[in-house]
Amino acid sequence: MSLLSLLEPLRIANYLSTDPLYTHTYASAEGGGVPASNGMSVETDVLPEKLGRDDLVLVLGSWGAEHYANPKLTGWLRRQERAGLRLCAVEMASYVFARAGLLGGRRATTHWAYLPGFQELFPDVLAAEQLYTIDGRILTCAGSTAGLDLMQHLIRQDHGDALVAEIADNIVHHPIRPEAAPQRQAHGMGLERLPSSVRAAVDLMDANIPEPLTVPEIARQVGISQRQLERQFHRAMGCSVVQFGLILRLQHARVLLISTGLGVREIAAASGFNSLSHFAYAFRNCFGRRPSEYRQAWPDQNDTPSWPGTLSKYLETLQLNQRMRGKTSE
């Protein structure tokens with residue numbers, strides 16, 4: 001999906017123009033077929049030693065790229081950076097760029113699901129959850145459909161608004177989102193917009209996972225009473241502020257387990273748990289296995305990585321349990 005999102009705006013730009021505006025080639029460290037996570041494969045050449053100064057190198061990485069360390073690719077990327085080329089890390093390839101020393105002190109992003117692990121591993125990177133970043137000649141992109149927005153931004157720089165407007169019409173992609181647009185909207189709920197107070201509360205919890213804010217403090221910063229916040233949260237999310245905060249922290253911990261080498265105790269602390277036993281109990285209650293078991297099973301025992309249960313499903317379970325407790329008390 002990331003690859004096609006990057007290519008389609010370029011293909012349509014060529015289609016709409018008298019003469020082709022863009023060309024592309026596929027390359028990898030070893031050459032040959034490179035399979036995507038959906039099983040489709042792309043045939044690649046080996047990495048070219050020389051590129052044109054105006055070329056853009058886009059490096060794509062999905063599951064597994066958080067641990068990928070290929071000296072051949074790392075050295076090649078460093079040489080291209082020294083030569084002054086533009087380099088763009090797409091989705092999990094931001095890990096590859098960070099390991100190559102290309103992101104230190106720069107703004108960067110990666111897919112939101114892995115951003116907590118990325119921030120823990122590379123604290124010198126100015127990481128942010130947004131669609132893409134452009135910091136000098138180094139670019140990063142969240143992947144998936146964010147590639148549509150990034151490429152249309154770059155085409156606009158080359159050829160102006162009129163062409164980009166026609167490209168957007170052709171690929172039925174409106175509006176074209178800006179660089180700093182958020183990656184997530186629903187937070188486990190439906191696609192309807194959350195009330196502004198609830199969204200602000202979720203953003204505050206998300207930004208303070210290592211040291212969770214109290215509900216009164218969240219309400220104070222949102223600008224409403226605690227009772228109003230709880231009522232609006234229950235109506236919009238189907239659970240309490242505390243329950244949703246716990247889910248966010250467990251999701252954060254799960255990403256750290258699969259994308260970092262931190263110990264379970266360190267991950268518990270980084271996810272806002274004062275007690276290792278509380279963390280282990282809450283994790284097992286949510287995901288059906290202990291933190292250490294979850295880490296060991298990813299991804300060696302699975303053909304492809306999986307996300308064990310959606311946020312919305314867990315919220316539904318919370319609501320069902322609450323209704324059952326209500327009936328029992330009656």
Side-chain angles (χ1 to χ4, degrees), residues 35 37-38 61-70 91-99 109-125 127 129 142-143 183-184 187-188 202 205-213 239-321:
S37 54
N38 65 358
S62 185
W63 286 310
E66 69 273 22
H67 303 299
Y68 184 78
N70 186 319
E91 200 173 336
M92 308 295 287
S94 293
Y95 281 83
V96 178
F97 273 37
R99 288 196 174 93
T109 194
T110 186
H111 191 278
W112 65 265
Y114 278 76
L115 196 59
F118 183 78
Q119 291 174 308
E120 285 288 339
L121 284 175
F122 307 108
D124 60 328
V125 179
E129 185 186 318
Q183 295 180 30
R184 292 178 289 174
H187 288 284
V202 170
M205 286 187 282
D206 212 17
N208 292 276
I209 284 177
E211 298 182 9
L213 300 175
C239 66
S240 70
V241 178
V242 170
Q243 288 171 324
F244 191 81
L246 175 62
I247 295 170
L248 285 181
R249 288 155 55 205
L250 289 172
Q251 297 279 18
H252 182 92
R254 179 167 61 174
V255 172
L256 297 186
L257 283 168
I258 60 179
S259 62
T260 75
L262 294 173
V264 174
R265 187 177 297 276
E266 292 175 292
I267 289 172
S271 303
F273 291 90
N274 294 323
S275 163
L276 182 59
S277 60
H278 178 215
F279 169 60
Y281 172 81
F283 192 94
R284 184 163 190 165
N285 191 46
C286 183
F287 301 122
R289 62 180 74 175
R290 292 181 301 174
S292 57
E293 293 172 335
Y294 183 77
R295 165 174 276 174
Q296 292 162 5
W298 182 285
D300 296 339
Q301 298 176 22
N302 300 315
D303 291 334
T304 59
S306 61
W307 201 247
T310 63
L311 183 56
S312 56
K313 188 66 177 178
Y314 191 67
L315 289 171
E316 289 173 9
T317 302
L318 279 177
Q319 295 168 27
L320 177 62
N321 290 341

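Numbering starts at 1 and runs along the sequence shown.
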A.B. asks: Considering all heavy atoms of both residues, which atom of Gly245 and which atom of Met205 are nearest to each other, and what is their separation?
C.D. replies: CA-SD, 3.6 Å
A.B. asks: Measure across Ile209 and Arg249 and return the closest heavy-atom pair with its distance rounded to 0.1 Å.
C.D. replies: CG2-CG, 3.9 Å
A.B. asks: Looking at every heavy atom in both Leu256 and Thr260, which two are closest together, and how far apart are they?
C.D. replies: O-OG1, 2.7 Å
A.B. asks: When the ring planes of Phe118 and Tyr95 are compared, do they come out parallel, tilted or perpendicular, using 30° and 60° as the limits?
C.D. replies: perpendicular
A.B. asks: Count the heavy atoms of every other residue, nucleotide or ligand shown that sit under 6.0 Å from CG of Asn38, and state whether that count exceeds 12.
C.D. replies: yes
A.B. asks: Who pairs with Phe97 by ring pair (Phe, Tyr, Trp, His ring centres under 6.0 Å), at least two apart in sequence or on another chain?
C.D. replies: none
A.B. asks: Run the side chain to side chain contact (heavy atoms under 4.5 Å, CB included) check on Val255 and Glu120 step by step: do they pass?
C.D. replies: CA-CA 10 Å; Val255 172; Glu120 285 288 339; over 6 Å; no
A.B. asks: Walk me through it: do Arg99 and Asn70 pass the test side chain to side chain contact (heavy atoms under 4.5 Å, CB included)?
C.D. replies: CA-CA 10 Å; Arg99 288 196 174 93; Asn70 186 319; over 6 Å; no
A.B. asks: What's the shortest heavy-atom distance between Glu91 and Ser62, and which atoms?
C.D. replies: OE2-OG, 3.9 Å
A.B. asks: Would Glu66 and Thr110 count as a side-chain hydrogen bond (donor to acceptor under 3.5 Å, both in side chains) if you check the C-alpha gap in whole Å, the side-chain angles of each, and the deciding distance to 0.1 Å?
C.D. replies: CA-CA 11 Å; Glu66 69 273 22; Thr110 186; over 6 Å; no
A.B. asks: Rounded to the nearest 0.5 Å, how far apart are OG of Ser94 and OH of Tyr114?
C.D. replies: 13.5 Å
A.B. asks: Rounded to the nearest 0.5 Å, what separates atom CD in Glu266 from atom OG in Ser271?
C.D. replies: 11.5 Å
A.B. asks: Apply side chain to side chain contact (heavy atoms under 4.5 Å, CB included) to the pair Gln251 and Phe287, showing each step before the final yes or no.
C.D. replies: CA-CA 10 Å; Gln251 297 279 18; Phe287 301 122; 4.3 Å; yes
A.B. asks: May I have the step-by-step check of side chain to side chain contact (heavy atoms under 4.5 Å, CB included) for Tyr294 and Ile258, ending in yes or no?
C.D. replies: CA-CA 8 Å; Tyr294 183 77; Ile258 60 179; 3.5 Å; yes
A.B. asks: Can you tell me how far apart NE2 (His111) and CE (Met92) are? Round to the nearest 0.5 Å.
C.D. replies: 9.0 Å
A.B. asks: Show the nearest heavy-atom pair for residues Ala282 and Leu250, with the distance to one decimal.
C.D. replies: O-CD1, 3.7 Å
A.B. asks: If you look at every heavy atom in Leu248 and Asp206, which pair is closest and at what distance?
C.D. replies: CD1-N, 4.1 Å
